[in-house]
Amino acid sequence: MRTRHLGARILVLPVAAFFVLAALTPSGASHAAEKRVRVVASLPNLGSIASAIGGNRIDLTTIAVGTQDAHFVDPKPSYMVKLRNADLLLINGLDLEIGWIPPITQGARNAKILLGSPGYIDCSTGIQVVEVPSSLTRAAGDIHPYGNPHYLSDPLNAEVVAATITDALKSADPASSSAYEEGRKAFVRRLHEALFGKDLVDLAGGAKLAREAAAGTLDAFLDGTSIGGAPLRSHLGGWLGKLQGVKGRPLITYHKDYSYFAERFGIRVVDYVEPKPGIPPSAKHLEELIQGLSQGEAHLIVTRPYVEHRSTDYLAEKTGVKVITLPLEVGGAPEATDFIKLFDYVTDQLVAAFAGGPARGGR
Ligand SMILES: [Zn+2]
């Protein structure tokens with residue numbers, strides 16, 4: 001283990017020599033593969049956040065790819081091999097991976113990452129979950145029994161997840177605690193600047209803006225606070241600034257996976273191609289959607305790379321409403337190479353689609 005090894009080094013080397021040695025090795029560069037924390041992430045978004053925090057201090061493996069449906073990943077034996085030597089397993093939780101994480105953790109025979117062990121990290125901890133049913137039920141095939149599990153569609157929730165992952169890394173590798181804390185801060189700073197715009201973060205502070213946004217009072221804060229005679233809103237940039245012009249616009253999504261996104265950006269999700277999460281549309285449901293779309297109920301249909309496109313093609317053909325395929329995870333589109341770039345891409349696509357402009361990746 002890293003910690004013990006470092007301890008031994010301190011005892012053997014004279015103190016001055018140790019500090020010279022530490023100063024000569026750039027952050028993380030000296031971390032030989034065998035000393036790194038072995039982290040397995042169930043999904044690419046979690047992997048991307050972990051990578052931003054841990055850098056080359058962690059040896060990261062991500063199981064699913066961004067073009068897969070996180071609900072329905074095939075639990076292949078090769079995934080058990082990936083988990084066999086893991087120190088930490090990061091999962092989305094809220095039963096999102098119920099069909100595949102339990103079988104592969106059991107098959108991996110690694111006590112460190114079993115449910116209840118310190119290395120089993122449920123990243124939904126601390127998230128304000130929405131759409132929690134009054135009673136726990138998978139009745140009629142509903143695959144969101146604990147509420148909506150797609151919380152990372154609100155990028156601000158990545159701050160909560162980053163704190164959870166940082167704590168887990170510190171516990172697994174206490175000697176590098178300060179490096180993980182630095183990694184977390186740098187990620188959160190980048191997230192705030194991407195969400196609010198750098199100007200506004202410099203003026204008001206990312207933590208303050210994040211608190212207002214989380215409390216649902218950001219708009220009042222931006223309109224009610226002036227700096228140099230101009231309301232703070234005039235400094236709003238980033239994803240929120242970009243989407244200001246399409247606030248309130250209605251869309252429908254294939255799956256119920258944009259609730260948190262819609263709340264953060266003021267977009268209205270007015271219906272779903274699936275009548276219930278995980279249930280494919282019936283002919284009757286499609287006819288109801290056509291009726292609503294024909295009456296202007298929604299201006300756009302958002303679908304995903306991994307769902308069937310027959311229904312959405314049919315809706316587009318019957319109503320003329322545009323369909324775009326957007327990634328929900330890192331790697332779900334070639335442009336979405338990390339968690340920040342995922343939202344750069346998605347927000348660009350939405351603005352273009354609502355404006356009627358070309359939407360690459362659209363269908
Ligand atoms: Zn879902």
Side-chain angles (χ1 to χ4, degrees), residues 41-49 62-75 90-104 122-125 127-158 160-161 251-265 267-282 285 289 298 300-312 323-333 336 339 342-343 346 350:
S42 62
L43 296 166
N45 287 351
L46 298 175
S48 179
I49 297 167
T62 299
I63 298 179
V65 296
T67 48
Q68 277 179 298
D69 187 339
H71 283 290
F72 304 110
V73 174
D74 188 18
L90 311 176
I91 66 153
N92 182 91
L94 300 172
D95 262 11
L96 181 62
E97 307 102 322
I98 190 67
W100 51 286
I101 284 295
I104 63 174
D122 184 334
C123 293
S124 70
T125 306
I127 297 288
Q128 296 288 315
V129 179
V130 302
E131 295 156 11
V132 180
S134 48
S135 62
L136 178 65
T137 172
R138 287 187 187 81
D142 190 335
I143 53 174
H144 293 170
Y146 293 102
N148 195 308
H150 305 285
Y151 52 82
L152 278 176
S153 68
D154 172 4
L156 206 50
N157 277 334
V160 179
V161 170
L251 53 76
I252 73 174
T253 57
Y254 188 95
H255 181 70
K256 206 171 192 172
D257 53 18
Y258 247 9
S259 306
Y260 299 88
F261 181 93
E263 181 65 27
R264 178 58 54 225
F265 293 106
I267 304 284
R268 287 191 300 128
V269 182
V270 296
D271 215 333
Y272 309 94
V273 178
E274 291 179 332
K276 258 178 196 270
I279 307 296
S282 61
H285 183 64
L289 289 172
L300 191 63
I301 301 167
V302 172
T303 191
R304 302 297 177 198
Y306 38 77
V307 298
E308 54 89 14
H309 294 297
R310 213 168 0 101
S311 306
T312 43
V323 180
I324 58 166
T325 304
L326 293 182
L328 196 58
E329 288 277 342
V330 169
F339 190 76
L342 167 70
F343 285 89
V346 162
L350 274 177

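Read the numbers this way: they start at 1 and go in the same order the structure lists the ligands and their atoms. What's counted below: heavy atoms across the whole structure, side chains too, no hydrogens, waters or symmetry copies.
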Under a plain distance cut-off of 3.5 Å, with no hydrogens placed, do Y151 and Q128 share a side-chain donor-acceptor pair? no

Do side-chain atoms of N92 reach the backbone of P149 as a donor and acceptor pair under 3.5 angstrom? yes

Count of N, O or S atoms belonging to protein, less than 2.8 Å from the Zn ion (ligand 1): 4

Expected output: side-chain T253 to main-chain K256 donor-acceptor under 3.5 Å: no

Considering the options V269, V302, L289, which one meets the side-chain contact (heavy atoms from CB on, under 4.5 Å) requirement together with I252? L289

If you measure from the Lys or Arg side-chain nitrogens to the Asp or Glu carboxylate oxygens, is any gap between R304 and D69 under 4.0 Å? no

Assess whether atom CD of Q68 is packed by more than 12 heavy atoms of other residues, nucleotides or ligands within 6.0 Å. yes

